[in-house]
Every structure is written in structure tokens, then in C-alpha cells.
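Contents: one structure, followed by commentary.
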Amino acid sequence: MTLGEAAEATGGRVVGDESLTFERISPVHDAGHRDLAMLADRRYATDLSGCGGRALLVSEALCGLEGGPADRVVVADPHAALLDLLPLLHPEPPRERGVHPTAVIHPSVVIPDGAGVGPHAVICAGATLGEGVRIGANCFVGEGVAIGAETVLYPNCMLYGGSVLGDRVVVHAGSSIGVDGFGYVTSGGEHRKVPQMGGCVVEDDVEIGANCTIDRGSIGRTVIGAGSKLDNLVHIGHNVTIGPRSMLVAQVGVAGSTRTGAGVALGGQAGISGHIRIGAGARIAAQAGVIGDVEPGHVVSGYPARDHKTYLRAMASLMKLPELVRRMGRLERRLGERDGA
Amino acid sequence: MTLGEAAEATGGRVVGDESLTFERISPVHDAGHRDLAMLADRRYATDLSGCGGRALLVSEALCGLEGGPADRVVVADPHAALLDLLPLLHPEPPRERGVHPTAVIHPSVVIPDGAGVGPHAVICAGATLGEGVRIGANCFVGEGVAIGAETVLYPNCMLYGGSVLGDRVVVHAGSSIGVDGFGYVTSGGEHRKVPQMGGCVVEDDVEIGANCTIDRGSIGRTVIGAGSKLDNLVHIGHNVTIGPRSMLVAQVGVAGSTRTGAGVALGGQAGISGHIRIGAGARIAAQAGVIGDVEPGHVVSGYPARDHKTYLRAMASLMKLPELVRRMGRLERRLGERDGA
Amino acid sequence: MTLGEAAEATGGRVVGDESLTFERISPVHDAGHRDLAMLADRRYATDLSGCGGRALLVSEALCGLEGGPADRVVVADPHAALLDLLPLLHPEPPRERGVHPTAVIHPSVVIPDGAGVGPHAVICAGATLGEGVRIGANCFVGEGVAIGAETVLYPNCMLYGGSVLGDRVVVHAGSSIGVDGFGYVTSGGEHRKVPQMGGCVVEDDVEIGANCTIDRGSIGRTVIGAGSKLDNLVHIGHNVTIGPRSMLVAQVGVAGSTRTGAGVALGGQAGISGHIRIGAGARIAAQAGVIGDVEPGHVVSGYPARDHKTYLRAMASLMKLPELVRRMGRLERRLGERDGA
């Protein structure tokens with residue numbers, strides 16, 4: 001692709017030679033002589049000096065920076081530009097269709113046109129598959145599971161019986177969906193399991209990372225709202241409702257029966273207690289431990305989680321606390337002396 | 001099932017029409033017109049107004065609440081009532097018996113009557129299976145693994161060679177048991193692996209969630225005590241002993257050689273350092289970081305973990321610290337002036 | 001093995017009967033009458049009284065301790081001694097070679113001599129395998145994956161297309177490598193996926209625990225440096241560079257584009273934000289939340305992470321804060337009275 005074509009595809013402009021060609025896009029520190037180096041963040045400007053790229057993809061804000069390739073494609077937002085450029089550079093390979101002979105599929109299951117089922121996949125009785133579904137190798141699709149159109153399961157996924165996935169859902173490798181929730185009634189120190197009979201619904205356009213665990217409801221349902229994105233190793237407890245268009249970063253855990261509004265953002269390793277409500281648009285900082293309701297739009301951090309700015313200010317002053325204790329002692333002594341006097 | 005039958009099965013009483021029937025039990029906010037809506041917690045009373053359920057399963061404490069279905073089954077503890085009702089409403093499907101033709105089983109392995117082995121499961125030499133064992137699809141059972149009676153492995157589980165599981169153990173999808181521990185001897189910056197030759201013992205009636213990892217001992221054994229329950233994504237390091245009847249909530253991590261007493265409760269995402277002891281009945285709050293021994297029955301939270309109440313009180317006063325610093329400054333100035341005077 | 005042979009193999013000395021034999025090595029509290037009990041840490045000295053072992057493997061520092069077996073093998077470092085003794089006691093079983101008939105391997109793939117491919121493994125087009133590679137049961141090796149010599153994949157691992165593993169790499173069960181990173185461009189509340197087209201490189205002698213997730217680059221590469229060791233359930237985001245010879249303890253998470261130097265140590269459940277740098281030899285305490293750069297060799301803990309000693313001192317004084325507030329009130333009252341006087 002030439003710089004000129006790249007500029008045209010992204011609504012950007014070229015500074016330098018429009019006819020220069022590149023084969024792929026790489027970060028500045030990692031770019032080779034056939035690469036278009038991408039600089040989206042000022043903090044990586046220091047990498048420019050050693051940049052081996054043929055040309056630079058850069059934002060208007062940073063296009064004046066010295067060093068690095070002189071030939072540049074200047075765009076409003078380099079990340080957004082990737083949405084236009086990468087599909088052109090790396091056209092999606094033709095998807096495998098049809099059913100691999102080693103797959104084990106119950107005779108009651110209808111495989112729609114354009115669907116693909118990989119080696120050693122197992123699909124149980126009563127499962128329904130939408131058009132263009134792709135089931136990866138070694139996946140297990142339990143009894144009565146319903147999977148919508150164009151949904152993709154990467155290899156080694158496990159869907160418990162009765163799970164429902166919408167259209168265009170993506171589930172990455174090793175995730176377990178519709179798992180029994182963690183529900184026991186304890187008497188005399190013994191834990192008796194409460195049967196987990198509820199549903200697990202993953203709505204349209206959800207993407208679920210690798211090795212995640214999403215529990216079914218005990219009674220009722222667990223719901224992952226449409227358009228939400230889960231990173232790797234996320235845990236969702238039973239009867240949780242995650243609102244639509246939310247972002248859950250890696251290793252987040254949400255305990256049972258909690259409900260979140262639309263468009264929430266949960267930072268990496270954040271933990272949310274059970275039976276609480278997180279308002280729409282709330283943002284939970286990384287590693288925060290939320291043990292009470294959060295108002296819509298609020299930003300919280302720490303354990304127990306509090307207003308983000310207040311928490312950071314408090315933690316900053318905490319570092320001065322040992323000195324404060326000394327100052328307090330001095331004051332008390334001075335006042336004591338004056339009384340003694 | 002009728003409300004009358006439900007009351008009889010649970011030792012409860014009916015308020016209203018005993019002959020009303022329902023097909024399943026759902027949470028109040030999620031109940032349809034054929035459902036018995038369950039209300040176990042006052043905080044969900046606000047859902048009553050919009051409740052679409054045909055009748056209400058409610059505790060004595062809450063049975064007087066206005067709104068929602070007038071016909072009610074009143075019980076001492078709705079959660080305990082589920083133990084009686086759900087098996088009647090959802091009788092367990094007949095389990096699949098026999099060995100699927102695609103399973104790969106070493107000739108030395110004896111499959112007992114009533115056992116079931118799913119598609120593409122692999123069982124290695126010297127493994128022993130108890131009566132009624134069920135091995136899910138794509139499971140791997142390593143050399144010499146011993147599995148007790150009525151134990152269930154959900155699909156895609158991996159048991160390393162030599163692991164020992166007791167009777168009535170349940171292992172959910174994607175869990176890895178008997179993994180090499182994280183043991184290295186570092187010299188000159190290089191990490192040399194200490195061979196992990198110990199055992200991994202999961203005692204009777206343990207339930208292990210999805211995508212958990214439990215290490216074998218380096219030397220000696222890792223032991224999960226009888227009747228303990230592990231949620232999803234829990235990590236147990238090598239040579240750990242978890243006492244019987246303990247509860248480990250999702251994403252807990254326990255580092256090597258730590259020993260816990262009977263009936264401990266580890267909250268979600270809590271981390272326990274290696275080589276320490278947690279006394280019987282101790283409770284570790286969610287996200288706590290425990291770096292020293294905990295006395296039996298104590299409740300701790302925070303990092304480093306301290307008495308739960310003390311920690312929460314300290315964190316509350318922490319929020320006032322910036323103001324305290326200002327007050328200190330004022331005091332010092334006043335005292336300075338008076339000295340100057 | 002006799003105590004004499006053990007002493008010779010480890011450069012240690014025998015106190016007592018050189019001809020005593022043992023069959024395995026166990027921790028003091030867990031040792032049976034045919035075991036060599038190992039005591040490496042003073043805190044386990046209390047286990048000596050009840051020790052059932054035939055003899056004791058102990059360090060010079062502890063060899064004088066009373067109780068337990070009188071016949072002893074005394075060495076400089078018992079853990080290092082295990083490196084010599086365990087391979088002699090437990091010779092590695094002959095590895096399985098050849099391709100299991102149930103494996104599904106693309107005709108373009110060449111299986112080198114001495115390689116082993118387990119039941120139901122899947123190897124896609126263009127994958128290259130080094131000498132002596134072992135691919136476990138139910139593993140998935142994607143298109144164009146390159147695996148170096150003597151590398152071992154335990155069962156149920158998933159390698160996304162294009163992943164590159166070096167020589168002598170070990171990947172434990174259920175890990176997913178080369179996963180799509182968590183990259184979206186959000187506009188109008190909708191999250192549009194940025195295609196994840198980069199590489200994932202795991203260099204020589206890396207060991208990766210069970211159920212880990214390692215993302216590929218979005219553009220550019222994710223790199224796990226040579227000789228680094230990852231414990232179970234570790235998450236590595238896209239475009240991360242982990243320096244060589246690093247140790248990442250269980251449940252660590254490293255967010256996108258962060259770079260760490262050589263020989264860093266990340267404690268259990270620690271979280272590292274994206275786009276930061278961790279200097280060579282830095283140590284991050286368990287559960288720390290790092291949101292800014294860390295200088296080489298520094299030790300940090302807490303959230304937000306700060307100098308370890310400073311943080312622990314501050315947390316200690318924090319527990320005195322409620323009392324400090326009371327003292328402050330008393331001082332203010334006293335000064336008020338004196339002014340009133």
C-alpha cells in the first residue's frame with residue numbers, strides 16, 4: 001500500500017512522498033524498513049530517533065515532532081485509522097466451512113449453510129446454530145445451547161447446557177460459559193449445594209476474552225448486555241446483569257446478583273461485591289474493591305472503593321502520616337512544657 | 001407444582017390460593033407469569049411492584065411486605081427451600097453411561113459399571129475410576145490418576161499424572177489439577193526448575209469451579225480438605241493444605257506451603273502469602289492480602305491484612321487526613337504566634 | 001538411595017548412619033517411615049517432634065536442632081539439593097514419541113524425529129515444529145505457529161495463528177497464547193474492535209503456568225523474554241514486553257504496551273497498568289497496583305504503588321490514625337481554653 005492510498009483510506013494527508021509503499025504497520029520502537037511506524041502517544045516520541053520504519057503514521061497533534069521517518073501520513077486519530085488500514089493490509093482469510101469429520105454432533109442438530117465446526121468439537125442434543133456460526137476445535141456445546149448468527153467460538157471453549165449466545169458474539173479460547181454458580185446453604189459447618197438451574201444469556205455483539213468464566217443463574221438468569229466487551233480471565237457470578245456496551249478489563253470479578261448499568265467501565269483486577277448496583281457510565285478504577293452501590297457516572301477506586309480523586313488525595317497524605325505523628329508529639333510536648341511552666 | 005405442594009415440601013405455609021400452579025422459580029425482578037417469584041432479601045423489595053410472577057416464595061420476616069403477588073408460600077429460609085423445591089421442579093436428567101467410541105483409554109484402565117466417559121476424553125495408563133464416575137468430553141486424565149466414586153469432571157478438565165480425587169468430587173470445566181508448582185532455584189540471575197514430584201489430593205465432596213489451577217506438591221502433597229468448595233479461577237500453590245469445609249470465593253490465590261484450618265472463608269480475589277497458617281474458622285475479606293499468620297476465628301482485611309473492623313475504621317479516618325494536616329498546620333501557627341508574643 | 005549416596009550427590013555430609021536408605025523426599029510434617037524428611041526453614045522446626053521420616057535433609061544452619069530423625073544429610077541449601085536428588089529418585093519417564101492416530105495434522109506440517117503429538121491434538125497449515133517437540137492431548141496449534149526444539153505443550157493448550165515459541169519452552173495445561181488483545185475505538189458509546197494483527201513471541205526457556213492468557217500484539221509484537229517464568233493464571237496484554245529472566249507469580253496482570261526490564265519480579269496478583277516501564281531488577285510486591293514507571297532495582301507495593309518500606313510504615317501509622325484524630329481534638333480544645341482564659 002502507498003502512503004497516498006493510506007491517506008485516502010483514512011481521510012488523512014501525506015507529508016512527503018505519496019508513492020512510498022509499506023507492507024504492515026508497527027509501533028515506532030518495533031518498526032522494520034518495510035513498515036509504516038505508528039506514533040499515537042507523545043510518551044513514545046523518544047522512540048522516534050531509533051525508528052527503522054519507512055514512514056510514519058502520526059496524529060496532527062504530533063506530526064511536527066523531529067526525528068524518525070520524514071515521510072508521514074497525518075491523521076486525526078491513528079487508532080481509528082487502524083480500523084480502516086488493517087483490514088486492507090490483512091484481508092480476513094476465507095473462513096473454514098463445513099463440519100470436520102472428527103466432530104461429534106448429535107443427530108438432532110441442524111448445521112446451517114456457511115457454518116463451520118472444527119475438529120473434535122462436540123455439539124449435544126437440541127443445540128441450535130445460526131447462519132455462519134463457527135465452532136472451534138475441541139469446543140463443547142452443551143444440550144439445548146442456542147447460538148446466534150455469525151457467532152465465533154475459538155477452540156477449547158465450553159458452553160454448559162442451556163446457555164444462549166446472540167448474534168456476532170466472539171468467545172475466545174478456553175472460556176467456560178453457563179457454569180454452576182457458587183451457591184451453598186451452610187448448616188452445622190456443612191455446605192449443601194443449591195442446584196444451579198438458571199440461564200446464561202450473552203447478548204449480541206459481545207466479545208469475551210480467553211479463559212473467562214461466566215456463571216449461569218441459580219434461579220433466573222445471568223445476562224451480559226449487548227455490545228459489552230470482556231477481557232481475559234474475567235469472572236462473572238450467578239444472576240449478575242452487566243449492562244450493554246460495558247468494558248470489563250482483564251481479571252475483573254463481579255459477584256452474584258450484582259447489576260450494572262449501561263456503559264460502565266471496570267478496570268483490571270477490580271472486584272465488585274454481590275447484590276449491589278453500579279450506575280450507568282460509572283467507572284471503577286483498576287484493583288478497586290466495590291462493596292456498595294455506585295452512582296451513575298461516578299469514578300471510584302480503592303478498597304473499600306470511594307471517589308477516585310478523594311482516594312488518591314488521601315493516599316498521598318497517608319505517606320506524610322508518620323511525620324504528622326512526630327509533629328503531633330512535638331506539639332503536645334510544647335504545650336505540656338508551657339503548662340508545666 | 002402447586003403452592004400447596006411447595007409448602008408441604010418445604011415445611012412452609014400458603015397465604016392465598018393453595019391450588020395455584022407454577023413451573024419454575026425466578027428472582028422477583030425476573031419472574032414471568034408462570035413463575036414462583038422468590039424474595040429472600042429486603043433490598044429487593046423494591047422489585048415487588050413490577051413483579052410479573054404468579055406467586056411469591058418469601059421468608060416469614062418479609063411476608064408482610066406490600067405489593068407483588070398476593071398468593072405466597074412463606075418459609076423460614078427461601079434459599080434452604082430451594083434445596084427442596086428445585087430437585088422436584090428440575091429432576092436430574094439420566095446421566096450418560098458407557099464410553100464414547102472417540103474416547104482414548106489405555107488398555108490398563110478398567111471402566112466400572114455406571115461410569116460415563118465423554119467424546120474425545122483421554123485416560124492414561126494406570127488410572128483408576130470409581131463407580132459412577134463421569135469424565136466429560138475433552139478431559140485429560142493423566143497416568144496413575146485415582147478418581148473416587150460418583151466424581152464428575154466437566155469437559156476440558158486436565159488432571160496431571162498422579163492426582164488423587166476422592167468420592168463425589170465435582171470439577172468444573174477447564175480446571176487444571178496437579179500442575180507443576182512454581183519452584184525455582186535462582187543463581188546468577190538464572191532460574192533452575194526444582195522438579196515438582198509431589199502429590200495433589202482432592203478429598204471427598206470437594207467442588208472446584210471452572211478454570212481453576214491447583215498445583216501438585218514439589219515434594220509432599222497439596223491437599224484440598226473434604227467438603228471444601230472453590231469458586232472459579234482459584235489458584236492453589238504447591239504444598240498448600242486447605243482445611244475441610246472451607247469456602248474459597250472466585251479468583252482467590254493461595255501461595256505455596258500455606259496451611260489453613262477447618263472452615264475458613266476466603267473472600268473473592270483475596271491473596272494468601274506462602275508459608276503461613278490461617279486458623280480454623282478465620283474469615284479473610286475480599287481482596288485482602290494476608291502476609292502473616294491469622295488466629296482461629298479472626299476476621300481480617302486490607303493489605304497487609306489486619307483486623308477487619310480496625311482496618312475499616314482506619315480507612316474511614318484516612319479520608320479525613322488531608323483536613324487533619326490542615327488543622328495541624330493551624331495549631332502549629334497558633335502556638336508559634338503565642339511563643340513569638 | 002542411601003544417605004551416603006545423597007550426601008555424595010549434593011556435596012553434603014552425613015550425620016549418623018550412611019547406609020540408611022530412603023525412597024522419596026517429603027516435608028517434615030508429611031514424611032513417612034521410608035522418606036527423607038526435608039527441613040529448609042526454621043519456621044517448620046516445630047514439625048520435627050512429630051516427624052515420621054527415616055532421616056533428615058537439613059541445612060548447616062539448622063542441623064543442630066533437637067528432635068526428629070537423628071540420622072541426617074547436611075547440605076548448604078536443601079532446595080538446591082533437590083535439583084540433584086529428585087532426578088535420581090524420579091528418573092523422567094521415557095517420553096511418548098510419534099503421532100497419535102486421532103491427532104488432526106495438516107498435510108503441510110512436517111513432524112520431526114523424536115517429536116510427540118498426543119490424542120486429539122490439532123495442528124494447522126504452515127505450523128513448524130522443532131526436534132523433540134511434545135504437543136499434548138487436545139492442544140490446538142494454529143496456522144503458521146512456529147515451535148522450537150524440545151518445547152512442551154501440556155494438554156488443552158491453545159496457540160493462536162502466528163504465535164512463535166522458542167526452544168525448551170514449557171506451556172502448562174489450558175493456557176491460551178496469541179489471543180486477540182483488548183483493543184477498541186469507542187465512538188458514540190459503541191466499541192469498534194481494532195483488528196489484532198500483531199505477533200506473540202515466547203523466547204527460549206520460558207515456562208508458562210496453567211490457564212494463563214497471553215495476547216498477541218495489535219500491531220507489533222508481544223514478547224516474553226528468554227528464561228522468564230510465569231506462574232498460573234497470569235495475564236499479559238497486547239504489545240507487552242517482559243524482559244528476560246523475570247518471575248511473574250500467580251494471577252499477575254500486565255496491561256497493554258508496558259515494557260519491563262530484565263530480571264523483574266512481580267508478586268502474586270500484582271497489576272501493572274498499560275504504557276509504563278518497569279526497570280530491570282525491580283520488585284513489585286504481591287497485590288501492588290503499579291500506575292507509573294518504576295526505577296530499576298526499586299521495590300514497590302500498594303495501590304497506587306510506592307516504595308515498599310514507605311508504604312508499610314504509612315499503613316502501620318494509619319492504624320493509629322483514629323487515635324491521632326482524638327489527640328488532635330484534645331490539643332485544639334486545650335489551646336481554645338487557654339485562649340479563652
Side-chain angles (χ1 to χ4, degrees), chain B residues 102 104 120 122 138 140 143 156 158 160 174-176 179-180 182-185 189-195 197 211-213 215 217-221 233 235 237 239 251 253 255 257 269 271 273 275 287 289 291 302-304 306 310-311 313-315 317-318 320-321 324 327-328 331 334-335, chain C residues 24-27 29-31 38 41 43 77 79-80 82-83 86-87 89-90 93 100 102 118-120 136-138 154-156 170 172-174 207 209-211 227 229 231-233 245 247 249-251 262-263 268-269 286-287 301-302 312 315 318-319 321-322 324-325 328 331-332 335 339:
Chain B
T102 61
V104 173
H120 308 128
V122 176
N138 305 325
F140 180 90
E143 264 185 54
N156 297 21
M158 196 315 202
Y160 280 63
S175 284
S176 301
V179 183
D180 281 8
F182 196 64
Y184 301 88
V185 171
E190 303 294 328
H191 310 296
R192 293 170 61 205
K193 182 183 176 85
V194 177
M197 298 299 189
N211 294 24
C212 291
T213 61
D215 288 345
S218 161
I219 57 173
R221 309 172 307 157
L233 291 167
H235 163 72
N239 297 98
Q251 299 175 315
S257 299
Q269 299 182 332
S273 293
H275 298 284
Q287 291 192 328
I291 61 177
Y303 173 81
R306 290 194 178 72
T310 306
Y311 178 82
R313 210 175 298 119
M315 289 305 286
S317 49
L318 173 58
K320 308 192 201 101
L321 186 51
L324 194 68
R327 283 164 62 188
M328 172 72 74
L331 267 187
R334 282 177 60 184
L335 217 50
Chain C
R24 54 174 201 168
I25 305 174
S26 298
H29 75 279
D30 206 10
M38 166 173 163
D41 187 331
R43 79 186 99 189
D77 175 356
H79 287 292
L82 291 179
L83 292 175
L86 290 176
L89 285 166
H90 310 275
H100 193 278
T102 61
H120 308 128
N138 305 326
Y154 280 86
N156 298 20
V170 175
H172 286 281
E207 183 162 7
N211 294 24
K229 312 298 182 184
D231 201 348
N232 300 331
L233 291 167
R245 300 182 306 284
M247 300 286 276
V249 180
Q251 298 176 315
Q269 298 182 333
Q287 290 192 329
S301 59
L312 290 183
M315 289 305 288
L318 172 58
M319 295 303 133
L321 186 51
L324 195 69
V325 174
M328 172 72 73
L331 266 186
E332 288 169 332
L335 216 52
D339 288 349

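Letters go in sequence order (proteins before strands), and every chain restarts at 1.
Rounding to the nearest 0.5 Å gives a distance of 6.0 Å between CG of Asp180(B) and CD of Glu207(C). Going from atom CD1 of Ile291(B) over to atom CG of Leu312(C) covers 6.0 Å, rounded to the nearest 0.5 Å. Here Leu331(B) contributes atom CG and Glu332(C) contributes atom CD; the two are 5.0 Å apart, rounded to the nearest 0.5 Å. The distance from atom CG of Leu89(C) to atom CE of Met197(B), rounded to the nearest 0.5 Å, is 9.0 Å.
Summarising the geometry of Phe182(B) relative to Val249(C), their closest heavy-atom pair is CE2-CG2, 4.1 Å, with the distance given to 0.1 Å. Considering every non-hydrogen atom in both Gly220(B) and Asp30(C), the closest pair reads CA-OD2, 3.7 Å. Across every non-hydrogen atom of Pro322(C) and Ala314(B), the tightest pair is CG-CA, 4.3 Å. Scanning all heavy atoms of the two residues, the minimum distance from Pro195(B) to Leu83(C) falls at CD-CD2, 4.1 Å. For Pro119(C) against Val122(B), the heavy-atom pair with the smallest separation is CB-CG2, 3.8 Å. Contact record, Gln287(C) with Gly271(B): NE2-N, 3.5 Å, taken as the closest heavy-atom pair.
Classified by interplanar angle (parallel below 30°, tilted 30° to 60°, perpendicular above 60°), the ring pair His120(C)/His120(B) is perpendicular.
Residue with the most contacts toward chain B among Asn232(C), Leu82(C), Asp41(C): Asn232(C) (heavy-atom pairs, distance under 4.5 Å). Contact tally against chain C (heavy-atom pairs below 4.5 Å) for Leu318(B), Leu321(B), Asn239(B): the top residue is Leu318(B). Looking only at heavy-atom pairs under 4.5 Å with chain B, the residue among His172(C), His79(C), His100(C) that has the most is His172(C). Between chain C and the residues Met328(B), Arg313(B), Met315(B), Lys193(B), the most heavy-atom pairs under 4.5 angstrom are made by Lys193(B). Interface check for chain B: of the options Thr102(C), Asp231(C), Leu86(C), the most heavy-atom pairs under 4.5 Å are formed by Asp231(C). Of the listed residues (Gln251(B), Lys320(B), Glu143(B)), the one with the most heavy-atom contacts under 4.5 Å to chain C is Gln251(B).
Contact annotation for Val194(B): both backbone and side-chain heavy atoms come within less than 4.5 Å of a heavy atom of chain C. Using a 4.5 Å cut-off between heavy atoms, Arg306(B) touches chain C through its side chain atoms alone. With a threshold of 4.5 angstrom between heavy atoms, Ser273(B) does not approach chain C through any atom at all. Interface remark: Leu233(B) contributes backbone and side-chain atoms alike to the contact with chain C (heavy atom separation under 4.5 Å).
A donor-acceptor pair under 3.5 Å is formed between the side chain of Asn211(C) and the backbone N or O of Gly174(B). Using a distance-only test at 3.5 Å, with no hydrogens or angles considered, a donor-acceptor pair links the side chain of Arg43(C) to the main chain of His275(B). Without hydrogens or angle criteria, His191(B) side chain to Arg245(C) main chain gives a donor-acceptor distance under 3.5 Å.
In this structure, Phe140(B) has its ring center at least 6.0 angstrom away from the ring center of Tyr154(C).
Judged by distance alone, the side chains of Asn156(C) and Asn138(B) never bring a donor and an acceptor atom under 3.5 Å apart.
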